[in-house]
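Here's the structure we're looking at; comments come further down.
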Amino acid sequence: MERVLIFNPEGDREPSKRKIVFGNPTNIMELNNVKYQWAFDLYKTMGFTNFWIPEEIPMLEDKKQYERLLSEHERRAYELVISFLIALDSYQVNMLKEFARYLTAPELVMAITSQEFQEALHSYSYQFILESVVEPTKADEIYNYWRQDEKLMERNKVVAEVYNEFIKNPTEENFIKAVFGNYVLESLYFYSGFAFFYTLGRQGKMLNTVQQIKYINRDELTHVTLFRNIINTLKEEQPDLFTPEINKWVYEFFKFATEKEIEWGKYVTNNQILGLNDKLIERYIKYLANLRLTQIGYEPLYPEVTENPMKWIDQFRTINDTKTDFFQAKPQTYAKRSELKW
């Protein structure tokens with residue numbers, strides 16, 4: 001695949017000729033007519049409607065609870081989950097730039113750019129959480145966990161592999177694999193970590209960290225929607241990319257990703273977190289894998305798992321469109337805001 005030029009005077013202006021990839025754009029951001037309205041709408045949602053500021057959420061009470069209320073197992077899980085989330089959002093900040101260099105519709109490039117900003121904001125939010133909750137030496141240790149923890153090192157390598165393959169060898173096959181890698185990262189890899197925080201919040205613990213996670217989770221749902229639409233549109237525009245070999249790989253990749261996420265969730269919680277046992281983690285991640293596959297036109301991997309075993313999460317993570325948040329009298333409405341429904 002070839003990267004797009006910064007300016008292409010011989011490019012097509014007509015929106016009808018736009019494609020997600022393999023188009024011939026001028027690369028002038030002409031937005032008076034757009035082809036992919038869903039991408040332009042997501043750009044505006046991510047850029048303006050879902051804007052939030054980590055510092056608007058006070059963290060002092062969480063610092064007290066981290067030191068005095070959390071069990072040893074809860075503190076360990078808290079630290080490991082944040083360390084892994086830092087890696088995931090770091091990958092996204094860097095990889096989204098790579099995707100943008102091959103996309104050939106301006107509204108889609110703008111949506112990817114908004115997502116990149118949000119991923120950077122998430123990275124900053126984790127830093128803000130750590131500087132607010134733990135001592136500086138501990139925060140530095142958490143950032144560096146991947147060097148000492150073999151499970152986390154393996155996790156980081158596995159997640160990054162499909163991205164690195166495309167960067168080293170930008171073929172069509174590696175591109176579509178990287179797109180699926182992004183979709184899996186956004187729609188699956190985050191979720192056992194989110195479930196851990198929501199389980200703490202359900203018990204009245206670390207509520208301000210949970211509030212940060214709720215905003216991040218809302219953003220991630222938007223990102224899932226963006227890449228779900230990219231995949232579904234590519235299937236219409238570029239069916240040749242979805243060879244039998246690729247479709248077989250998709251199932252294998254989802255199965256591998258699901259097993260690794262379950263393994264990681266069990267390792268993090270060590271079956272010692274009240275309200276989040278190994279069986280629940282396994283069924284929840286398998287449920288999500290089925291959901292994400294069916295949303296892009298594939299059959300579920302685990303037909304025996306038909307219902308969300310943690311339905312309470314969907315309600316718990318919702319950000320109310322009111323003047324106060326879910327837990328305390330804290331202003332929430334920066335502007336009008338939307339919550340994606342599934």
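Just so we're clear, the structure is a prediction, and the values are computed from it rather than from any experiment.
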Next item on the list: State whether the number of non-hydrogen atoms from other residues, nucleotides or ligands found under 6.0 Å of Q37 atom CD is greater than 12.
Entry: yes
Item checked: K157/E161 ion pair, N-O < 4.0 Å -> no
Notebook entry, point to check: Between N290 and L301, is there a donor-acceptor pair closer than 3.5 Å when you use the side chain of the first and the backbone of the second?
Noted result: yes
Next item on the list: Assess R292 against Y191: is NZ or CZ under 6.0 Å from the centre of the six-membered ring, and within 45 degrees of the ring's axis?
Entry: yes
Margin query: Just verifying a value: how many Å separate H122 NE2 and D219 CG, rounded to the nearest 0.5 Å?
Written below: 3.5 Å
Next item on the list: Specify the closest pair of heavy atoms between L207 and G201, including all atoms of both residues, with the distance to one decimal.
Entry: CD2-O, 3.4 Å
Next item on the list: Could you walk me through whether L280 and M310 pass the side chain to side chain contact (heavy atoms under 4.5 Å, CB included) test, one step at a time?
Entry: CA-CA 8 Å; L280 202 54; M310 301 175 70; 3.8 Å; yes
Note to self: Under the rule for salt bridge (charged side-chain N to carboxylate O under 4.0 Å, His left out), what residues qualify as partners of K266, not counting sequence neighbours?
What the structure shows: E282
Note to self: Rounded to the nearest 0.5 Å, what separates atom CG in N169 from atom CG in N174?
What the structure shows: 5.0 Å
Notebook entry, point to check: Quick check: does any side chain N or O of K97 sit under 3.5 Å from a backbone N or O of V93, one acting as donor and the other as acceptor?
Noted result: yes
Margin query: Please say yes or no: joined through hydrophobic side-chain contacts below 4.5 Å, possibly via intermediate residues, are I28 and M110 part of one cluster?
Written below: no
Notebook entry, point to check: With a cut-off of under 6.0 Å to the ring centre and 45° to the axis, is R76 in cation-pi contact with Y267?
Noted result: yes
Next item on the list: Answer yes or no: is there a side-chain heavy-atom contact under 4.5 Å between M59 and Q212?
Entry: yes
Check: Is any side-chain N of the basic residue among E107 and K35 closer than 4.0 Å to the acidic one's carboxylate O?
Finding: no
Item checked: R155 charged N/C atom sitting above Y189 aromatic ring, 6.0 Å / 45° -> yes
Notebook entry, point to check: Distance-only, no hydrogens or angles: does the N50 side chain make a donor-acceptor pair with backbone N or O of R218 under 3.5 Å?
Noted result: no
Notebook entry, point to check: Any donor-acceptor pair under 3.5 Å linking the side chain of E74 with the backbone of I273?
Noted result: no
Check: More than 12 foreign heavy atoms under 6.0 Å from CD of E2: is that the case here?
Finding: no
Notebook entry, point to check: Can you list every pair that meets ring pair (Phe, Tyr, Trp, His ring centres under 6.0 Å) and has a residue in residues 125-162, with sequence neighbours left out?
Noted result: none
Next item on the list: Please list, chain by chain and in numerical order, all residues satisfying side chain to side chain donor-acceptor pair (under 3.5 Å) with E259, sequence neighbours excluded.
Entry: K255
Next item on the list: Report, as yes or no, whether the 6.0 Å neighbourhood of atom CD on E307 holds more than 12 heavy atoms from other residues, nucleotides or ligands.
Entry: no
Notebook entry, point to check: For the residue pair N156 and A87, what are the closest heavy atoms and their distance?
Noted result: OD1-CB, 3.5 Å
Notebook entry, point to check: Is the shortest distance from a Lys or Arg side-chain nitrogen in K177 or E165 to a carboxylate oxygen in the other one below 4.0 Å?
Noted result: no
Check: If you group Ile, Leu, Val, Met, Phe, Trp and Tyr by side-chain heavy-atom gaps below 4.5 Å, do L103 and L5 land in one group?
Finding: no
Checklist line | Minimal non-hydrogen separation, I20 against L108, with atom names | finding: CG2-CD2, 3.5 Å
Check: Does N8 reach the main-chain N or O of V4 with its side chain, forming a donor-acceptor pair under 3.5 Å?
Finding: no
Check: Roughly how far, to the nearest 0.5 Å, is CD1 of I230 from OH of Y36?
Finding: 10.0 Å
Notebook entry, point to check: Checking side chain to side chain contact (heavy atoms under 4.5 Å, CB included) for the pair L88/L185: CA distance, chi angles, key distance, verdict?
Noted result: CA-CA 8 Å; L88 292 181; L185 188 155; 4.0 Å; yes
Next item on the list: If the plane angle is over 60° it's perpendicular, under 30° parallel, otherwise tilted; pick one for F99 and F166.
Entry: parallel
Next item on the list: List in chain and number order the residues that pass side chain to side chain donor-acceptor pair (under 3.5 Å) with N247, two or more places apart in sequence or in another chain; answer none if no residue qualifies.
Entry: Y298
Notebook entry, point to check: Do the non-hydrogen side-chain atoms of N229 and Q295 ever get within less than 4.5 Å of each other?
Noted result: no
Next item on the list: For the residue pair L293 and Y183, establish whether any side-chain heavy-atom pair is separated by less than 4.5 Å.
Entry: no
Margin query: Could you measure the distance from the CG atom of L85 to the CD atom of E220? Nearest 0.5 Å is fine.
Written below: 8.5 Å
Note to self: Donor-acceptor pair, distance only, cut-off 3.5 Å: does the side chain of N308 make one with the backbone of I313?
What the structure shows: no
Check: Ring centres of F256 and F253 under 6.0 Å apart?
Finding: no
Check: Side-chain contact, heavy-atom cut-off 4.5 Å: E172 with L241?
Finding: yes
Notebook entry, point to check: Looking at I262 and I281, what are the two nearest heavy atoms and their distance?
Noted result: O-CG2, 4.3 Å
Next item on the list: Without swapping roles, check the side chain of N208 against the backbone of P58 for a donor-acceptor pair under 3.5 Å.
Entry: yes
Notebook entry, point to check: Does the side chain of N217 come under 3.5 Å of the side chain of Y198 through a donor N or O and an acceptor N or O?
Noted result: yes
Note to self: Is it the case that the side chains of D62 and T209 hold a donor-acceptor pair, with the cut-off being a distance below 3.5 Å and no angle test?
What the structure shows: yes
Check: Are the side chain of Q203 and the backbone N or O of L274 linked by a donor-acceptor pair below 3.5 Å?
Finding: yes
Checklist line | Gap separating the OH atom of Y287 from the OG1 atom of T258, nearest 0.5 angstrom | finding: 14.0 Å
Next item on the list: Take atom CD of E14 as the centre, draw a 6.0 Å sphere, and report whether it contains more than 12 heavy atoms from other residues, nucleotides or ligands.
Entry: yes
Note to self: Tell me the closest heavy-atom pair linking M29 and V109, and the distance in Å.
What the structure shows: CE-CG1, 3.9 Å
Next item on the list: Decide yes or no on side chain to side chain contact (heavy atoms under 4.5 Å, CB included) for E79 and L130, but give the supporting numbers first.
Entry: CA-CA 9 Å; E79 295 161 9; L130 290 178; over 6 Å; no
Item checked: With sequence neighbours excluded, residues passing side chain to side chain donor-acceptor pair (under 3.5 Å) with N270 -> none
Check: What pairs with E98 under salt bridge (charged side-chain N to carboxylate O under 4.0 Å, His left out), at least two apart in sequence or on another chain?
Finding: R101
Check: Passes side chain to side chain contact (heavy atoms under 4.5 Å, CB included), L70 versus M206? Steps please.
Finding: CA-CA 9 Å; L70 294 192; M206 309 303 285; 3.9 Å; yes
Margin query: If you define the side chain from C-beta out and look only at heavy atoms, does anything of Q115 sit under 4.5 Å from Y43?
Written below: no
Check: Does a side-chain heavy-atom distance below 4.5 Å link Q127 with I86?
Finding: no
Next item on the list: Taking all heavy atoms of A289 and all of F254, pick out the closest pair and write down the distance.
Entry: O-CE2, 4.1 Å
Notebook entry, point to check: Between Q92 and H223, is any side-chain donor less than 3.5 angstrom from a side-chain acceptor?
Noted result: no
Item checked: Plane angle bin for F242 and F180 - parallel if under 30°, tilted between 30 and 60°, otherwise perpendicular -> perpendicular
Margin query: Test your reading of the model: is there a side-chain donor-acceptor pair from S192 to the backbone of G265, 3.5 Å cut-off?
Written below: no
Next item on the list: Taking T269 for its side chain and Q272 for its backbone only, find out whether a donor-acceptor pair lies under 3.5 Å.
Entry: no
Item checked: Basic-acidic side-chain contact under 4.0 Å: E236, K19 -> no
Notebook entry, point to check: Taking 4.0 angstrom as the limit, do E135 and K138 come out as a salt bridge?
Noted result: no
Notebook entry, point to check: What is the distance from atom CZ of F194 to atom CG of L288, rounded to the nearest 0.5 Å?
Noted result: 11.0 Å
Margin query: Distance alone, cut at 3.5 Å: any donor-acceptor contact between the side chains of Y215 and S125?
Written below: no
